[in-house]
Structures are given as C-alpha cells and as structure tokens.
There are 2 protein chains.
Amino acid sequence: MERRDEILHVAGHLFSQRGYHATSMRELARHLNLQGGSLYAHIASKEELLLEVVRQAAARFLGVLEALPPGDPVARLRALVRGHLGVIAQELPRATVFFHEWKHLSPPLLEEAKALRRRYEEGVQAVIQEGVEKGVFRVENVRLATLFVLSALNWTYQWYRPEGALSLEELSEMYAGLLLRALGVQEGGQDGAA
Amino acid sequence: MERRDEILHVAGHLFSQRGYHATSMRELARHLNLQGGSLYAHIASKEELLLEVVRQAAARFLGVLEALPPGDPVARLRALVRGHLGVIAQELPRATVFFHEWKHLSPPLLEEAKALRRRYEEGVQAVIQEGVEKGVFRVENVRLATLFVLSALNWTYQWYRPEGALSLEELSEMYAGLLLRALGVQEGGQDGAA
DNA sequence: CCTACCGATCGGTAGG
DNA sequence: CCTACCGATCGGTAGG
C-alpha cells in the first residue's frame, strides 16, 4: 500500500508536468526504478492512476470548505482564498491534475471527477450566496459572481509559486482584498487591497 | 494553401477537445477525408500544426489590445474584457489551445508560444498600470492586480459558452463591473455590478 | 493525395 | 517485482 502511494505521488508529478497522455507507464516506472510491467502489481490501469490523483486533490480542496469558520462571510471568503492558495502551494502537481488532466478520463470515471469538481464549485457558490443573503456581498448575479471568484482562484495554479517573491500569507491577503472589493464589500478595517 | 487552412482549423478543434497528445495524425486526417500520410503534403509536422494554431489565437488576442480605445482607463478595461470574451466566443477551440496546449511544444517552438503569451499579458498589465498612474485604479501591487485580472479572464474559456443563457454583451458588462470594483473604481454612472 | 511501409513505442498481460 | 511478450498504434517517409 505504501508503494502504491509512491506510484501515485510520482504519477501526479508527471501528469502535471507533461500531461496525462504524454506520460508513458514506462517513464513512470523508470522514475520508481521499476520495469514497466511491474506497475500493474500495484495498480489496475493508467486511468485508475489519474482518477486517484484527482481524488486526492479533491479531498484537499473539499477539506478547505469544511474548515471554513462559521459566521462572517468576509472571514469565510478570506479563509477560502487562503485555503485554496494553500492547497496550490502544498500540492501543486495534484492541484494541476485536478484542474486540467481530469478531462482525459473516459465516461465512467469522468463522471466521478466532474462530480468532485462540482462539489467544490457548489461550496464556493454557497459561501457567496450566504454573503449576499446577509447583505454583506452586493452582486447582481450570484452564479456569475461565483464563476468570477472560481476563475480568479482556479487560474492561480498557473502562476503562483510558493518559492517566489510573494509569501502565501501576503498573496492571500491581497487576493482576498481584490475579491472582496469585487463582491462589493466596503473596505473595512484592514483596507485589504488599496 | 486553402487546404492547409482547413487542416489547421480541424486541428484546432481536435487539439482543444481531446488534447494535443491524444489527437493522432490519422484521426485528424480522417476528419478531412484524407489518409494519414497525405497530411504531410501540406504540413511539416504535428508540432508545426500546434504552433500555427497558437499563432492564430495569439493574433486574435493581440488584436484586442490594438483595438482598445485611447484615454479613459475604465473604457479601456471594459473594451479589454469585451474583446477577450469575444475572442473566446468566436474562437473557443483556438483560444483553448492558446491557453493550454501550447505547453506541449518543445523548446525551439515553445519559446515563440511563450513570447506570444507574454506579449498579451504585458498588454493587459499596461492597461492596468496606466489606470493606476492616472489615479483611476487603486491597487497596492500592479503585478498582482494584473495576474488577478488575467486569471479572471483566462479561466472563462473553461465555462463561458456563447450559446448559453448569458449573451456576450451581458456577460462582458457584468464581468467588467466586477473587475473594475476589484480595481478600486467607484461605481460611476452605470453601476456595473451591484 | 495514395499505397505501403519504417522503427519506435504504447498500455497491458502471462507466467513465474 | 522481473522477463518476455502481445496487438495496436504512433509520427513520419519513399515513391509515385
């Protein structure tokens, strides 16, 4: 079971770097000092490997939703931004697979991946919906606002690198500030973005 | 030369739907009622095809930057949003390749793709920088604000479908409204997002 | 633009 | 976990 985890770990790296189809099972095996065929003592298929990586990433992102503090929509959105960026900082390969490579799954497994992604999106939508209902966020179209927030968050895996100039904390602060302003929150206290 | 354009067109569709590596030359040929080998009468390699599609998409996006009205940063940003979403609406397959599949190019060609993408990003950054210098946009970190705007714009190709509920005009209005608020613009006149 | 072909590599399996 | 192998398919070329 431990060896299987190693395989999943390396698969996540390779799938995120080169893409699912550009990664061969023999290449994966080489990174693990195995022969190509030996992988199949631990896994059933290449596609199963992809789904497992997607599941692991989904667990992290869904974990962010569960850890949100109750109450204040502003605090919840800040925690969401911090959590999302935190997963990317800690799990960039898996996060990349979650955002992209899942598309290469075929119908039976594809549905599960879509469902996991949908759950995350619904969680984000709930945070925004709640803020609107409490009169804290002011947007004319909750669905569009959700897609906007998800867009801003999801694309970060393309450019954010934790070893770069901005620390996770700094970035999260500023990013949340920008999003809160977009959601119509008056700058309170910290003056997050201006 | 006309046949080559057909090939590029179909290649853009297939690369965007299945991904570059998951698309075989024989599959591409089949969509054009050709034999696999016949493609090479018109093109040099599969990779050349990918680069060409990236170039075509880049031309559209860079065209948006050139068509921006001079002057008012708010009008410029609105035109940028409208233009970007317009390219996605009209050229979804090519846009998708521009945002994703370019990564599968190898070093010599990869550099050109990166340069094209960089040019677009710099154009967006210039719009924001200008708005900040004119005192219209208020952000503490221009680079981060640019990445934020690019993230919100770039990810739209994942979910925006022109045949959906929101017209291009409605979406562009609301999206620009959200972005302008994020950039610290006081709701002027139209009250774009609230 | 076709036929016929090249060597290489693919995911996966049998049998140990 | 290895050796040895399977049929299928890959991108690309020769020669017409």
Side-chain angles (χ1 to χ4, degrees), chain A residues 1-55 93 97 100-110 112-113, chain B residues 1-55 93 97 100-110 112-113:
Chain A
M1 203 50 67
E2 180 186 301
R3 197 69 217 241
R4 188 181 152 94
D5 289 340
E6 283 182 55
I7 295 172
L8 287 172
H9 185 76
V10 176
H13 272 267
L14 293 175
F15 290 168
S16 73
Q17 279 170 20
R18 303 166 208 234
Y20 176 70
H21 281 107
T23 303
S24 75
M25 294 303 273
R26 282 165 180 80
E27 192 179 356
L28 171 58
R30 209 179 312 122
H31 281 262
L32 291 151
N33 292 315
L34 290 180
Q35 296 303 312
S38 305
L39 288 168
Y40 294 88
H42 303 94
I43 60 154
S45 70
K46 187 184 182 183
E47 204 176 6
E48 185 210 62
L49 223 44
L50 176 55
L51 179 61
E52 277 298 331
V53 174
V54 168
R55 280 180 180 148
V97 171
H100 268 139
E101 302 303 319
W102 66 274
K103 291 188 191 189
H104 296 114
L105 289 165
S106 46
L109 307 185
L110 181 64
E112 178 174 339
Chain B
M1 204 50 64
E2 181 186 302
R3 196 71 216 235
R4 187 181 152 93
D5 288 340
E6 284 182 54
I7 295 172
L8 287 173
H9 185 76
V10 177
H13 273 267
L14 293 176
F15 290 168
S16 73
Q17 280 170 19
R18 302 163 210 237
Y20 176 70
H21 281 107
T23 303
S24 75
M25 294 303 273
R26 282 165 179 81
E27 192 179 355
L28 172 59
R30 209 179 313 123
H31 281 262
L32 291 152
N33 293 316
L34 289 180
Q35 296 303 312
S38 305
L39 288 168
Y40 294 87
H42 303 94
I43 60 154
S45 69
K46 186 183 182 185
E47 204 177 6
E48 185 210 64
L49 224 43
L50 176 55
L51 180 61
E52 277 298 332
V53 174
V54 168
R55 279 181 180 146
V97 172
H100 268 138
E101 302 303 319
W102 66 274
K103 291 187 192 191
H104 297 114
L105 289 165
S106 46
L109 308 185
L110 181 63
E112 178 174 340

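Everything quoted here is computed from the prediction, not taken from an experiment. First the proteins, then the strands, lettered A, B, ... as listed; each starts at 1. Hydrogens, waters and symmetry mates play no part in the numbers below; they use all other heavy atoms, side chains included.
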Flag yes if more than 12 heavy atoms outside B:His9 fall under 6.0 Å of its NE2 atom; otherwise flag no. no
Heavy atoms under 4.0 Å, any strand shown: does A:Gly37 hit a base, just sugar-phosphate, or nothing? base
Please walk me through it: do A:Glu112 and A:Arg55 pass side-chain contact (heavy atoms from CB on, under 4.5 Å)? CA-CA 9 Å; A:Glu112 178 174 339; A:Arg55 280 180 180 148; 2.5 Å; yes
[X] [atom1] to [N] [atom2]: how many Å, rounded?
{"X": "B:Gln35", "N": "C:dC5", "atom1": "CD", "atom2": "P", "value": "14 Å"}
{"X": "B:Glu2", "N": "C:dC1", "atom1": "CD", "atom2": "P", "value": "10 Å"}
{"X": "B:His104", "N": "D:dG11", "atom1": "NE2", "atom2": "P", "value": "14 Å"}
{"X": "A:Glu27", "N": "C:dC10", "atom1": "CD", "atom2": "P", "value": "8 Å"}
{"X": "A:His42", "N": "D:dC1", "atom1": "NE2", "atom2": "C1'", "value": "7 Å"}
{"X": "B:Ile43", "N": "C:dC1", "atom1": "CD1", "atom2": "P", "value": "13 Å"}
{"X": "B:Tyr40", "N": "C:dC5", "atom1": "OH", "atom2": "P", "value": "19 Å"}
{"X": "B:Leu34", "N": "C:dT3", "atom1": "CG", "atom2": "C1'", "value": "14 Å"}

If I take atom OG1 from residue B:Thr23 and atom CG from residue B:Leu28, how far apart are they, to the nearest 0.5 angstrom?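 Those atoms lie 8.0 Å apart.
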Return one dot-bracket line describing DNA chain C 5' to 3' (Watson-Crick or G-U wobble pairs, both distances under 3.5 Å; ( ) same strand, [ ] crossing, | another strand, . none). ||||||||||||||||
Side chain proximity check, B:Leu34 to B:Glu6, heavy atoms < 4.5 angstrom: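 Side chain of B:Leu34 against side chain of B:Glu6, heavy atoms only: no contact under 4.5 Å found.
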Report the C-alpha distance between A:Lys46 and A:Tyr20 in whole Å, list the side-chain angles of each, state the deciding distance to 0.1 Å, and finish with yes or no for side-chain contact (heavy atoms from CB on, under 4.5 Å). CA-CA 9 Å; A:Lys46 187 184 182 183; A:Tyr20 176 70; 3.4 Å; yes
I'd like to know if the side chain of A:Arg4 reaches the main chain of A:His42, judged simply by a donor and an acceptor atom lying under 3.5 Å from each other, with no hydrogens or angles considered.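 Flag set: sc A:Arg4 to bb A:His42 pair under 3.5 Å.
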Has B:Glu47 got a side-chain atom pairing as donor or acceptor with B:Ser106's backbone, closer than 3.5 angstrom? yes
So which protein N/O to nucleotides 7-9 of chain D N/O distances come out below 3.5 Å?
none

Can you check side-chain contact (heavy atoms from CB on, under 4.5 Å) on B:Trp102 and B:Leu110, steps first, answer last? CA-CA 7 Å; B:Trp102 66 274; B:Leu110 181 63; 3.9 Å; yes
Please report the closest heavy-atom contact between B:Arg3 and B:Leu32, naming both atoms and the distance.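 Here B:Arg3 and B:Leu32 meet closest at NH2-O, 2.8 Å.
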